[in-house]
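Chain identifiers are assigned alphabetically (A, B, ...) following the order of the sequence lines, protein sequences preceding nucleic acid strands; residue numbering begins at 1 within each chain.
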Amino acid sequence: MLDNLLKNVAVLGAAGKMGSGISLLLLQEIALLQAQSKEKYRLHLVDTNEDGLSILEHYLYIHLIKFAETSISRIRKFYSNNADLISNEEIVDAFVQGGMRCLRFSSSAKGCSLIFEAVIEDVELKSKIFSSLQNEEAYFFTNTSSIPISLLNKKAGLNNRIIGYHFFNPPAVQKLLEIITYDTIDPKLVTIADELAKRLKKIVVHSKDIAGFIGNGHFIRELIYACKKVEQFPSKTEGVYFINQVTQNFLIRPMGIFQLADYVGLDVCQKIMGIMSLNAPLLNEIISCGIKGFFQYEGLKPIKIYSFEKKEYVPFPQMVFGDLPKGHQSWNKKPKKEIIDLYLKTLSQEKTPGALLANEFLKNSHEITLGLIKDGVAKNIEDVNTVLMQGFYHLYGVHS
Amino acid sequence: MKEFRKKVYVAAGYNTIFFGKGRPDFDPEKPLREFDSYLKETAEGTCGQLQNPDFDEGVIGSFMAPRFIKQANIPGFLPFMVPTLVGKPCTGVEGACGTGGRAIATGVKTVLSDLADAVFVSAFEMQNTLKAVYGADILAGAAFYKKERKTGHAYFFPGIFADRAGAYYEKYGYDDTRRGMAKWYEQSILNARKDPKAQEHFNNSPNLYELGLTPPDPVRFVPFLNIYDCSKVSDGASSLVILSEEGLKKCGVNKKDTVEIVAMGAAEGDITQSPSDLTFLSNTEIAVKKAFEQAGLTKDQIALLELHDCFSITALLALEAIGYAERGKAAFFILDQNTAPDGTIPTNLSGGLGGFGHPTGATGVRQMVDLLHQLTGKASHQINPRTPYGMMISMGGNDKTVTCFIVKSTLEFFRN
């Protein structure tokens, strides 16, 4: 059934950051099917940004080649009856050309069987788009990271044919996929969604349909906690810097909580908070100043911090964190579980300023997790940990 | 075959680093070192060991330079490498991965024919110019491409030797064979660690044997072989000099710095035909028998061995083809440490194709250079050979183009 449905697929918001990754994932699957079949497969890429669609086409071409190269053992079998295609080079070329011929740069997804949506996080916009496409044949997959699916279902009149299919950034690389269902969802859609997730080799965590789901359910609450903690510092700038450094270094994460907020986008974080009926005055303040990030960057590296006092980016303040506890290894080294467990035990006993704050964050993370389970958003701690470790690259989860 | 009509010596060998994945400075995203700089380096390395690098001829081997680097007419590079070769006859040689052996053989025959007293022999390959997925197509040219490529595995030659491994497992059992192959891998890397030019010199994995035991993954790679069973994709060049007695005087070479080639056995298989027995290297056996016969030696008189371990299964098969192990027993021969540096037949002391690297065209010359260095006391990882004799087997394709050399050290101390 899925193979048949994949004959006519659309991605809305295809040229965006998430949309392009979702487009690539789907194109890979469709290209595999097309290589094995004489039937025509179509992937409709829809976006209002025409320049973005040109860039997307090139992106898909380059990455489809890489996909073909890494999948060459599998793909060669599809062409075993074609005597003209002998070398890997010829077969990669045939596969990629076949896949690219499936693409249609369309202005609409009307008539498609599977419609994937990755437009901006706006209830009204999503509902409007969905309701214009509503029909009894199509199934809808929304990449929303926080809007309750049942709300979109109701507002757009989709008759239970929509599912939450939240990829993590970047979709083509990140293994994690949050699937969000609700009580009245069409069971066929759940089956299709699960089967597709297997094909896409995703690690699936099922979340209950409560705003924020698991991923943002944890991240946004932790960000709010961090914003609140800033108030305990003599200056907001120092507070942001100290908390960011502690959450990165003492908690052994890829980046600090405020740097992560910058990466997601401050406006996006604010929007998600709104959807979750939550609020962070510090975040509102920096956005109202027209500022795009807590930090200024050189490439991916923060080089300056926004000063709430001076209203400009300034060098990092000199602050006393205390030594990192014994046994610490940076996130880049990917320390093994035994080393991390021992480190966290040592951390729990330390009284340096950095350690004390780190332990507060760990306790808060645990409380957020218990809250997510209590509210039924997550089934268990394992699901939350899967999201944190697969989606946010944490090296360890919350302990039970 | 009788002994040569006159003595033929090997002198002054030089290997460049064999470069590719495994070396810490290898980054496929960055521009690679150009092939001509490898050629220049090996030539200068060899010629720098001679008082008078004045040669009568030059020989250069490469398997697929026209495909990997879009360069043919490679004899034209010999005068670039060695200016005294301007105006001299220069010859290009190709025999797939057995190119190096054939290049040396070409030099030997020229000296034996009295057309030359001093021949500069070199060989090279640059394989990192392409991703492995496309390199596989090029290397498939070592087989009967139009018949075999289409149905062959995506990575072709691992698939060819996976078939041999599968047949061997079926006939002799999997577990002990896998253990022998794992031990072979371990020995290759341990040896490579001792040679700074080896591609795997910096491999410090603590559990080599366990890695060698990794079960093959037929979905991601090939059946019957894991990635540790396979030799490297490499860039590199090697060279040496073939000399008559007159050549020694002309180039100012002291005999103690040479080895004498006492036997040369070559055998060619029909590339259009599949091996009649996948569990045996029949052409290797022929070439080796010829060499032993010419030299008047047995395998037990050989102190040092360089064999063509393009895959670990090939090492087992080669040991059986030579006669060091009965058929089906090579794994035990290796597991009993016979091929270790302090074993009964120290083998591939710089790591072989799996440890030192395998720029396909260059390997045969590299093998001879390694024998030369060990038998003249010049190796970076010197052992004390128990006899003056070393042997190398250079193999092209699936046991098709095979050359076996036996060399003899002239150093005084072997007499004792």
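Annotation for K334(A): atom NZ counts as buried by contact number, over 12 foreign heavy atoms lying within 6.0 Å. Enclosure of atom NZ in K345(A) is not indicated, since only 12 or fewer non-hydrogen atoms of other residues, nucleotides or ligands lie within 6.0 angstrom. In this structure, Y59(A) places its OH atom where more than 12 heavy-atom neighbours from other residues, nucleotides or ligands lie under 6.0 Å away. More than 12 heavy atoms of other residues, nucleotides or ligands shown are found within 6.0 angstrom of CD on Q97(A).
Among residue pairs with one or both ends in residues 73-99 of chain A, none qualify as salt bridge (Lys or Arg N to Asp or Glu O under 4.0 Å); sequence neighbours excluded.
For a residue to count as touching a neighbouring chain, one of its non-hydrogen atoms must lie under 4.5 Å from one of that chain's; by this rule S80(A) touches chain B with the backbone only. Of the atoms belonging to F156(B), not a single heavy atom falls under 4.5 Å from chain A. No part of K146(B) comes within reach of chain A, as not one of its non-hydrogen atoms sits under 4.5 angstrom from that chain.
Counting heavy atoms from C-beta outward, R220(B) and S73(A) have side chains that stay 4.5 Å or more apart. Between Y134(B) and V92(A), some side-chain heavy-atom pair lies under the 4.5 Å cut-off.
With sequence neighbours left out, R23(B) forms a salt bridge (charged side-chain N to carboxylate O under 4.0 Å, His left out) with no residue at all.
A donor-acceptor pair under 3.5 Å links the side-chain atoms of N88(A) to the main chain of A154(B), judged by distance alone. In this structure, the side chain of K150(B) does not engage the main chain of S87(A) through any donor-acceptor pair within 3.5 Å.
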